[in-house]
Amino acid sequence: MANQVYLAVDLGASSGRVLSASFDGRRLSIDETHRFENGPVRVGTSIFWDLLGLWREVLIGLRAAGQLHGRAVASVGVDTWGVDFGLLTSDQLLLSNPYHYRDARTHGVMERAIDELGREAIFAETGLQFLQFNTLFQLLAMKWSGSSLLEVAHRLLMMPDLFHWLLSGQRTNERTNASTTQFYNPQTADWAFNLLETCGLRTDILGDIVEPGTSLGALLPMVREETGLSAAQVILPATHDTGSAVAAVPAGPESGRWCFISSGTWSLMGAELSAPVLSAACREANFTNEVGANQTIRLLKNIGGLWLLQQSRAAWKKQGRAWSWDELAAMAAEAPPLASLIDPDYQGFLSPSDMPAAIRDYCRDTRQPVPQDERAVTRTIIESLALKYRYVLEALERLVGYAFDTIHIIGGGTKNRLLCQATADACGRRVVAGPVEATAIGNALVQAIAAGSIGNLQDGRRVVRESFATNEYAPRDTARWSEAYQRFQALMTATP
């Protein structure tokens, strides 16, 4: 049905937004209804998400959308980051604010789990990249610390599942986010029950896994009254934000064989496949098999993305130097190119108190020129990200057995033209950047497909191509970047 409005609630690690997606039968248009800040809340030595504060902001955005569009709003869907979760009691009370994935409680837990269970056994059951904050390790941290929350919990809901519960009253576990837990089995398309039982973790707190596009019915009466959305249904998108973002990749015949980079706080680089890759080579390269829209598999790798620049900017702001993103990009363009390089995934960059100082320490320890000012630090981050993309691209091509013609960059990082050009230069590939709001667009696309307004994912990507502008970047100065890549590879084999 044409001329419908789909509301996409897109919650990221640093901000959230409610967007209205209007579809006229051919083109999709996106309007930002409400944007708000998000981030960790420290309580003592722990870090949490402010679930109720986020819920308040979501309601504000939905109310604004109701005032603008009224009964034209067909449905609402929420996407968020992966791995984090909340626990409910049997009478549907939230036991605790969800922990933030950067909380220190998981330090050393992954290593202990690998020692006790074996990396091969865990990967064979899950096909997931090993990251210390994966849900499996969060639950093991609770179990091994004697947390009472696990004993009284009745249901586990991932972050977007929590918001869909608040919207509809329905407790569901949507597939794309379930696949980020490291206790989802991509071969059986169900929870990895054997692994959980071996770990001594409860499986009765997990519900049946449901598909993107599932309708959860009408909004709760309180939500209808609060927002004025009397006709809207709750439709599950691909609730993992990367799953929604990849659904909106505007790939067409001219893309040839393509891969993607979802660029934001994290960079997620990978390819869309029809089946998981569970080889020893995949395990050793530490790639992940996550579920996407339309029963696809996203073979990808997490890369520490613009988090490094976000945290550097925050550190400079505390020192009284509040630079805009455009100002930083312009300053970086003036700095000497490829002077210093870092591994964006170095452990010391996960949550330092002063990111620019951590970067300087890294360069000092690896006997490189130390970037002293904002322009040098920013350029170091951007160029190092581009070189890490090449490093991951080469591993990805080895795993799938073919080369990619085009890299599609989607998300907020597409606004950083220096990063997009550096990616083309470092990787030696055509780069297509855009759309910026890919996650919200993909969220709305799945809702529109569920409503019958768009036929399928392929049709949806055609709609994206016809609705949103993109920018193309061709490789330049590849010889100089290849020399820098040799230096970068040496860094990857030597931890400072």
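Count residues from 1 along the sequence.
Looking at Ser263 and Leu419, their side chains come closer than 4.5 Å, going by heavy atoms from C-beta outward. Side-chain atoms of Leu156 and Leu139, non-hydrogen and from C-beta on, do get closer than 4.5 Å to each other. When side chains are defined from C-beta on, Leu195 counts as touching Leu136, because their heavy atoms get closer than 4.5 Å. Between Met159 and Pro98, some side-chain heavy-atom pair lies under the 4.5 Å cut-off. Contact annotation: the side chain of Leu491 never approaches that of Ile342 to less than 4.5 Å [non-hydrogen atoms, C-beta and beyond]. A 4.5 Å side-chain heavy-atom check between Val246 and Thr296 finds every atom pair outside the cut-off. A 4.5 Å side-chain heavy-atom check between Ser244 and Val446 finds every atom pair outside the cut-off. The side-chain heavy atoms of Tyr101 and Asn134, taken from C-beta on, include no pair separated by under 4.5 Å.
At distances below 3.5 Å, at least one donor-acceptor pair connects side-chain atoms of Ser179 with backbone N or O atoms of Val291. The backbone N or O of Gln129 sits nowhere less than 3.5 Å from a side-chain atom of Asn286 that would complete a donor-acceptor pair. A donor-acceptor distance shorter than 3.5 angstrom exists from the side chain of Arg465 to the backbone of Ala251, with no hydrogens or angles considered. Remark: side-chain polar atoms of Thr176 are paired, donor with acceptor, to backbone N or O of Thr239 under 3.5 angstrom. Between the side chain of Asn289 and the main chain of Val277, a donor-acceptor pair closer than 3.5 Å is present. For Asp103 (side chain) and Arg105 (main-chain N/O), a donor-acceptor pair under 3.5 Å exists by modelled atom type. Between the Glu472 side chain and the Arg430 main chain, no donor and acceptor come within less than 3.5 Å of each other. Side chain of Thr493 to main chain of Ala490: a donor-acceptor pair is present (N/O by atom type, distance under 3.5 Å, no hydrogens or angles). Judged by distance alone, with hydrogens and angles left aside, the side-chain atoms of Asp84 form no donor-acceptor pair with the main-chain N or O of His100 at under 3.5 Å. Ser168 places no side-chain N or O within 3.5 Å of a backbone atom of Trp165 that could act as its donor or acceptor partner.
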Side chain to side chain donor-acceptor pair (under 3.5 Å) between Thr380 and Ser340, intermediate numbers included:
CA-CA 6 Å; Thr380 294; Ser340 304; 4.6 Å; no
Is there a side chain to side chain donor-acceptor pair (under 3.5 Å) between Ser29 and Arg27? Walk through the geometry before answering.
CA-CA 7 Å; Ser29 60; Arg27 288 188 171 87; over 6 Å; no
Take Met158 and Glu174 through the test side chain to side chain contact (heavy atoms under 4.5 Å, CB included) and record every step on the way to the result.
CA-CA 8 Å; Met158 303 300 287; Glu174 186 273 335; over 6 Å; no
Could you go through Leu206 and Leu196, starting from their C-alpha distance and side-chain angles, then the distance that decides it, and tell me whether this counts as side chain to side chain contact (heavy atoms under 4.5 Å, CB included)?
CA-CA 11 Å; Leu206 304 174; Leu196 289 167; 3.6 Å; yes
Evaluate Tyr6 against Ser453 for side chain to side chain contact (heavy atoms under 4.5 Å, CB included), listing each step before the verdict.
CA-CA 11 Å; Tyr6 305 96; Ser453 297; 2.7 Å; yes
Check the pair Arg429, Leu393 against side chain to side chain contact (heavy atoms under 4.5 Å, CB included), reporting the backbone distance first and the verdict last.
CA-CA 10 Å; Arg429 306 300 162 85; Leu393 174 66; 3.8 Å; yes
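For the atom pair CD (Glu125) and OG1 (Thr198), the distance works out to 7.5 Å, reported to the nearest 0.5 Å. Interatomic distance, CG of Asp10 versus CZ of Arg35, reported as 8.5 Å (0.5 Å rounding). Rounding to the nearest 0.5 angstrom, the gap separating the CD atom in Gln170 from the CG atom in Asp161 is 12.0 Å. To the nearest 0.5 Å, the span separating CG on Asn177 from CD1 on Ile209 amounts to 11.0 Å. In this structure, CG on Asp208 lies 8.5 Å from CG on Asn173, to the nearest 0.5 angstrom. Annotation: the span from Phe133 atom CZ to Leu350 atom CG amounts to 7.0 Å, rounded to 0.5 Å.
For residues 296-311, the pairs satisfying salt bridge (Lys or Arg N to Asp or Glu O under 4.0 Å) are Glu290-Arg298, with sequence neighbours left out.
Seen from the ring of Trp307, Arg102 counts as a face-on cation partner, given the 6.0 Å and 45° thresholds. Cation-pi contact between Arg119 and Phe130: present, with separation from the ring centre below 6.0 Å and deviation from the ring axis of at most 45°. Both tests hold for Arg257 against Tyr402: distance to the six-membered ring centre under 6.0 Å, angle to the ring axis within 45°.
Considering all non-hydrogen atoms of both residues, Ala238 and Asp79 come closest at O-CB, 3.9 Å. Closest of all the heavy-atom pairs between Ile454 and Gly460 is CG2-N, 3.6 Å. Between Ala247 and Ala293 the shortest heavy-atom distance is CB-CB, 4.2 Å. Contact between Gln489 and Glu394 at its shortest, heavy atoms only, is NE2-OE1, 4.4 Å. Across all non-hydrogen atoms, the minimal contact from Ile235 to Ser215 is CD1-CB, 3.6 Å. For the residue pair Ser384 and Pro344, the shortest heavy atom distance occurs at O-CG, 4.0 Å.
Applying the ring-ring contact (aromatic ring centres under 6.0 Å, His included) test between Trp49 and each of Tyr99, Trp55, Trp81 identifies Trp81 as the sole match.
Under 4.0 Å is where a charged nitrogen must lie from a carboxylate oxygen, and between Glu211 and Arg175 at least one such pair does. One finds no salt bridge joining Arg487 and Glu383 here, because no Lys/Arg side-chain nitrogen approaches an Asp/Glu carboxylate oxygen to under 4.0 Å. A salt bridge links Glu272 with Arg461: the closest approach of a Lys/Arg side-chain nitrogen to an acidic carboxylate oxygen falls below 4.0 angstrom. Residues Asp343 and Lys388 are paired through a salt bridge, judged by an N-O separation under 4.0 Å between the basic side chain and the carboxylate.
Other residues, nucleotides and ligands place more than 12 heavy atoms under 6.0 Å from the CZ atom of Phe85. Heavy atoms from other residues, nucleotides or ligands lying under 6.0 Å from CD of Gln295 number 12 at most. Within a 6.0 Å sphere centred on CD of Gln458, other residues, nucleotides and ligands contribute 12 heavy atoms or fewer.
In this structure, a donor-acceptor pair under 3.5 Å is present between the side chains of Ser255 and His408. Using modelled atom types and a 3.5 Å distance limit, the side chains of Thr265 and Gln310 yield a donor-acceptor pair.
Annotation: side chain to side chain contact (heavy atoms under 4.5 Å, CB included) contacts of Lys143 (sequence neighbours excluded): Leu150, Leu201.
Taking the six-membered ring for Trp and thresholds of 30 and 60 degrees, Trp191 and Phe183 have ring planes inclined between 30 and 60 degrees apart.
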